[in-house]
Structure formats: C-alpha cells, structure tokens
Amino acid sequence: MAEVEFGDVKLTGGKMLLIIPLLGSILGAMWGGFEVYQRLLDAEQAVTEYVAPDMSGINQQLAVQEETVASLKEDVGQQFETVTTLLESMREDLDRVREDADEVDTFVRTIDESTNETQRDLRNDVYSMETSLNDRLRELDEELREMRDDLEEKIERILDNPLNDSE
C-alpha cells in the first residue's frame with residue numbers, strides 16, 4: 001500500500017482516503033462561506049448607493065388622514081351625545097306613555113266593573129219585570145176564564161129561561 005510520511009506522521013492509504021474528502025469538504029465550505037460574505041458586501045454596497053425615497057408626500061397624506069380621523073372622532077362623539085340625548089328623551093316619553101297606559105287600563109277596568117254591575121242590575125230588573133208581567137198575565141188569564149165561564153153560565157141561563165122563547 002501507499003504510504004506518505006510528513007515529519008513524524010505516517011499516513012497509510014486507508015487514512016488518506018478519509019482525510020482527502022474531509023479536506024475537500026472543509027475547503028468547499030470555506031469557499032462557499034467566502035462567496036456568501038462577498039454577496040453580502042455587494043448587497044450592502046447596493047443598499048448604501050440606493051437613494052432613499054422622498055417620504056414627504058406620504059407624511060403629508062398621513063397628516064391629512066390623521067386630521068380626518070380626528071374630525072370623524074369629534075363628529076362621532078357629537079352624534080353619540082345626540083343619540084344619547086334622544087334615547088333619554090325617548091325613555092322619558094316611554095315612561096309617560098306607560099303611566100298613561102296604566103291610567104287608561106285602570107279607567108277601563110273601572111268602567112268594565114261599573115258596566116258589569118249595571119248589566120247585572122238591569123238583568124235583575126228585567127227578570128223581576130218579566131216575572132211580574134207573567135204573574136199579571138196569569139191573573140188576567142184567570143180573570144178572563146172566570147169572566148168567560150160566568151158569561152157562558154149567564155148565556156145558558158138566558159137561553160134556558162122559558163120566558164125567553166123567541167120562536
């Protein structure tokens with residue numbers, strides 16, 4: 001086998017087969033690192049050479065937008081206060097309407113009770129009048145029967161009377 005000697009170190013063929021790829025990998029990694037470093041230096045130089053854009057127009061637009069937002073906040077605040085005032089007014093009106101509705105409800109209940117009582121009284125009066133009328137009709141009917149019976153009896157007596165011969 002091949003043997004290489006560097007000073008006191010002897011390298012045999014098997015060890016060289018391990019060392020050569022290892023040295024190649026280390027050298028390749030160093031070369032790649034230097035390439036990346038060079039590209040970073042080139043990019044830094046390009047960035048420093050690049051002129052920064054004029055931001056004054058954007059700053060002006062931002063200022064205008066901030067003013068618009070501030071005025072919108074004020075408008076919204078005023079509208080919120082107006083809406084709050086309207087809601088409070090509506091609540092007060094609703095409370096008054098509820099009170100009025102309660103009063104009307106109480107009044108209607110009172111009228112219903114009074115109407116029901118009057119209706120009962122009227123019904124009782126009509127019933128008593130009907131009863132009285134029925135009693136009176138029975139009496140009249142009885143009197144009429146008695147009068148008829150009496151009249152029939154008188155007619156019979158007249159007809160049975162021998163002095164009353166009209167033939």
Side-chain angles (χ1 to χ4, degrees), residues 25 28-29 31-167:
S25 296
W31 179 73
F34 289 135
E35 279 293 317
V36 168
Y37 182 71
Q38 185 61 42
R39 287 187 182 188
L40 285 175
L41 289 177
D42 291 343
E44 183 182 2
Q45 184 180 4
V47 167
T48 56
E49 289 176 1
Y50 179 74
V51 177
D54 184 20
M55 301 294 280
S56 63
I58 294 174
N59 288 337
Q60 287 175 350
Q61 288 177 352
L62 285 175
V64 168
Q65 288 178 353
E66 285 177 2
E67 289 176 17
T68 305
V69 167
S71 67
L72 285 175
K73 282 183 180 178
E74 288 177 18
D75 290 346
V76 167
Q78 290 172 354
Q79 290 175 355
F80 180 75
E81 290 175 12
T82 304
V83 168
T84 304
T85 305
L86 286 173
L87 283 175
E88 289 174 6
S89 173
M90 289 172 70
R91 283 183 189 147
E92 291 171 0
D93 291 345
L94 185 60
D95 288 341
R96 275 188 249 125
V97 167
R98 283 183 185 151
E99 290 172 2
D100 292 346
D102 289 342
E103 288 177 14
V104 167
D105 186 46
T106 304
F107 183 68
V108 167
R109 287 177 194 256
T110 304
I111 290 175
D112 279 346
E113 291 172 5
S114 175
T115 303
N116 289 339
E117 186 177 329
T118 304
Q119 190 176 17
R120 278 191 298 273
D121 291 345
L122 182 63
R123 209 178 277 138
N124 290 338
D125 289 347
V126 167
Y127 180 73
S128 68
M129 288 174 65
E130 184 180 353
T131 304
S132 169
L133 184 62
N134 284 336
D135 290 344
R136 182 68 182 139
L137 282 175
R138 279 190 206 111
E139 288 175 8
L140 285 173
D141 192 37
E142 187 64 35
E143 286 178 16
L144 191 62
R145 279 188 187 147
E146 286 177 11
M147 287 174 66
R148 189 180 66 191
D149 288 343
D150 190 39
L151 187 62
E152 283 179 357
E153 188 179 309
K154 285 182 182 179
I155 290 175
E156 289 252 351
R157 263 190 307 170
I158 290 174
L159 288 176
D160 285 342
N161 188 359
L163 295 176
N164 193 16
D165 227 359
S166 59
E167 290 186 48

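- Summarising the geometry, atom CG belonging to Leu151 is positioned 11.0 Å from atom CD belonging to Glu156; distances are rounded to the nearest 0.5 Å.
- Note that CG of Leu86 and CZ of Arg91 are 11.5 Å apart. Values are rounded to the nearest 0.5 Å.
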Chi angles and distances behind the side-chain contact (heavy atoms from CB on, under 4.5 Å) call for Asp150, Lys154: CA-CA 6 Å; Asp150 190 39; Lys154 285 182 182 179; 3.8 Å; yes
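- Asp93 CG to Met90 CE: the interatomic distance, rounded to the nearest 0.5 Å, is 8.0 Å.
- Note: Leu72 CG to Gln65 CD = 11.0 Å, rounded to the nearest 0.5 Å.
- In this structure, Thr106 contributes its side chain and Asp102 its backbone to a donor-acceptor pair below 3.5 Å.
- Annotation for Glu44: atom CD does not count as buried by contact number, only 12 or fewer foreign heavy atoms lying within 6.0 Å.
- Of the options Gln38, Gln45, Arg39, a side-chain hydrogen bond (donor to acceptor under 3.5 Å, both in side chains) to Asp42 is made by Gln38 and by none of the others.
- For Asp141 and Arg145, the salt-bridge test passes: some basic side-chain N is under 4.0 Å from an acidic carboxylate O.
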Step-by-step side-chain contact (heavy atoms from CB on, under 4.5 Å) determination, Asp135 to Arg138: CA-CA 5 Å; Asp135 290 344; Arg138 279 190 206 111; 3.0 Å; yes
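- Remark: Glu139 engages Arg136 in a salt bridge, criterion side-chain N to carboxylate O under 4.0 Å.
- From Leu87, atom CG reaches atom OG1 of Thr82 across 11.0 Å, with rounding to the nearest 0.5 Å.
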Leu144 vs Leu140, side-chain contact (heavy atoms from CB on, under 4.5 Å): CA-CA, chis, key distance, verdict: CA-CA 6 Å; Leu144 191 62; Leu140 285 173; 6.0 Å; no
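- Ion pairing between a basic and an acidic side chain is recognised when a charged N comes within 4.0 Å of a carboxylate O; Asp105 and Arg109 show such pairing.
- Side-chain atoms of Ser89 do not come within 3.5 Å of backbone N or O of Thr85 as any donor-acceptor pair.
- Considering CG of Asn124 and OG1 of Thr131, their distance stands at 10.5 Å, rounded to 0.5 Å.
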